[in-house]
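One structure is given here, and the rest of the page talks about it.
Just so we're clear, the structure is a prediction, and the values are computed from it rather than from any experiment. Any value given below was found using the heavy atoms of this structure, including those in side chains, with hydrogens, waters and symmetry copies removed.
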Amino acid sequence: MDSTGANIVKIRPYRPSDEDAVIELWSQASKLAHPFIDGEGEGAREAKMRDLYLVKADNWVAETDEQVVGLLGLLGAEIGGLFVSPQAQRLGIGRLLVEHATTLHGAVTLEVYELNGSARRFYDIMGFEETGRYTDAETDHVLIQLRLTT
């Protein structure tokens, strides 16, 4: 905690030893954010997270009190994933992770499901602008393409 009593958030590179904590965080956050996707946060989607995204992306974690509470996955300047533990949401951790991405890359892009109202409000507050839309072939749900220019 800092002098105000607030928990200090540390952003650091993902380590393989974070895998179980990150998967648990991702699973909980995904199920909350994407209840409209069958099997979200488990099964084949979990395997893809473990075997593809945690291996291929430039991943960063946010931690408080040495507990992983956030995940930022970057594919170049694209935010491929931004997840905050449900217990740690609305504490500014998502904002810190987006700011970290913009510090690394300047302008960043991402995609968000049209039905994910909470994330859409967050990205709107952060200043992201819509650049396009398409229907995701894997889920058959509309994805909105967003860009944030710093």
Side-chain angles (χ1 to χ4, degrees), residues 1-2 6-128 130-131 136 138-139 141-150:
M1 288 192 192
D2 67 13
N7 285 334
I8 296 170
V9 178
K10 176 182 171 185
I11 297 175
R12 63 166 175 78
Y14 167 85
R15 299 185 289 248
S17 60
D18 296 322
E19 182 176 347
D20 289 341
V22 163
I23 291 295
E24 180 63 24
L25 173 158
W26 164 81
S27 177
Q28 290 177 6
S30 292
K31 288 175 181 178
L32 185 66
H34 309 141
F36 47 87
I37 297 176
D38 290 335
E40 181 61 294
E42 54 194 37
R45 291 184 67 85
E46 179 182 330
K48 190 173 187 179
M49 182 69 177
R50 284 184 191 273
D51 300 337
L52 182 63
Y53 297 119
L54 289 181
V55 175
K56 301 283 185 188
D58 178 20
N59 293 298
W60 297 82
V61 297
E63 63 180 16
T64 59
D65 301 323
E66 298 184 19
Q67 297 294 310
V68 173
V69 294
L71 172 67
L72 168 69
L74 295 169
L75 303 164
E78 178 185 357
I79 297 175
L82 178 66
F83 300 96
V84 176
S85 169
Q87 299 87 338
Q89 290 181 3
R90 293 181 173 62
L91 300 176
I93 293 166
R95 176 179 293 278
L96 289 172
L97 289 168
V98 168
E99 290 170 353
H100 183 72
T102 61
T103 297
L104 292 172
H105 295 285
V108 293
T109 61
L110 60 81
E111 296 177 341
V112 62
Y113 285 105
E114 181 179 46
L115 294 175
N116 187 348
S118 178
R120 289 182 59 204
R121 284 186 295 279
F122 168 75
Y123 294 130
D124 186 53
I125 290 167
M126 291 292 299
F128 281 82
E130 184 174 333
T131 60
D136 179 35
E138 184 179 344
T139 65
H141 289 283
V142 174
L143 280 167
I144 301 171
Q145 298 164 311
L146 301 173
R147 179 179 176 83
L148 178 64
T149 306
T150 56

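Nearest heavy-atom pair, D18 versus P13, reported as atom, atom and distance to 0.1 Å: OD2-O, 4.3 Å. Heavy-atom minimum distance, L25 versus V68: CD1-O, 3.8 Å. Closest heavy-atom contact between L75 and G80: CD1-CA, 4.2 Å. Taking each heavy atom of G41 and E46 in turn, the nearest pair found is O-OE1, 4.2 Å. Nearest heavy atom pair, residue A107 against residue T149, reads CB-CA, 4.1 Å. For the residue pair T131 and R147, the shortest heavy atom distance occurs at CG2-CB, 3.8 Å.
Between the CD1 atom of I144 and the CG atom of L110 there is a distance of 10.5 Å, given to the nearest 0.5 Å. Rounding to the nearest 0.5 Å gives a distance of 6.0 Å between CD1 of I11 and NE2 of H100. In this structure, the separation between CG on L104 and CG on D58 is 7.0 Å, given to the nearest 0.5 Å. Atom NZ of K10 and atom CG of L96 lie 14.5 Å apart (nearest 0.5 Å). Taken from CG in L32 to CG in N116, the straight-line distance is 8.5 Å, to the nearest 0.5 Å. For the atom pair M49 CE and E42 CD, the distance stands at 14.5 Å (nearest 0.5 Å).
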task: Dump the intermediate steps for side-chain contact (heavy atoms from CB on, under 4.5 Å) on R95 and V9, then the final yes or no.
output: CA-CA 11 Å; R95 176 179 293 278; V9 178; over 6 Å; no
- request: For side-chain contact (heavy atoms from CB on, under 4.5 Å), just list the numbers for L74 and I79, CA-CA rounded to whole Å, side-chain angles, deciding distance to a tenth of an Å, and then say yes or no.
  value: CA-CA 5 Å; L74 295 169; I79 297 175; 3.8 Å; yes
query: Where do L143 and Y113 land on the side-chain contact (heavy atoms from CB on, under 4.5 Å) test, with the steps shown first?
result: CA-CA 4 Å; L143 280 167; Y113 285 105; 3.6 Å; yes
- request: Go through the steps to decide whether R45 and I37 satisfy the test side-chain contact (heavy atoms from CB on, under 4.5 Å), and finish with yes or no.
  value: CA-CA 10 Å; R45 291 184 67 85; I37 297 176; 4.0 Å; yes
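N59 places a side-chain N or O within donor-acceptor distance of the main-chain N or O of Y53, the cut-off being under 3.5 Å. Between the side chain of H141 and the main chain of F36, a donor-acceptor pair closer than 3.5 Å is present. Looking at T103, its side chain does come within 3.5 Å of a backbone N or O of E99 through a donor-acceptor pair.
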When the side chains of residues 117-127 are checked against the rest of the protein, which donor-acceptor pairs come out under 3.5 Å, sequence neighbours left out?
residue : atom : partner : partner atom : Å
R120    : NH1  : E114    : O            : 2.9
R121    : NH1  : G117    : O            : 3.3

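A salt bridge is absent between K56 and D51; no separation between the charged side-chain nitrogens and carboxylate oxygens falls under 4.0 Å.
The environment of D38 atom CG is sparse: at most 12 non-hydrogen atoms of other residues, nucleotides or ligands sit within 6.0 angstrom.
In this structure, the side-chain contact (heavy atoms from CB on, under 4.5 Å) partners of L148, at least two apart in sequence or on a different chain, are V98, T102, V108, F128. Scanning for ring pair (Phe, Tyr, Trp, His ring centres under 6.0 Å) contacts around H105 gives an empty result, with sequence neighbours left out.
The shortest side-chain heavy-atom distance between Q87 and Q67 does not fall under the 4.5 Å cut-off.
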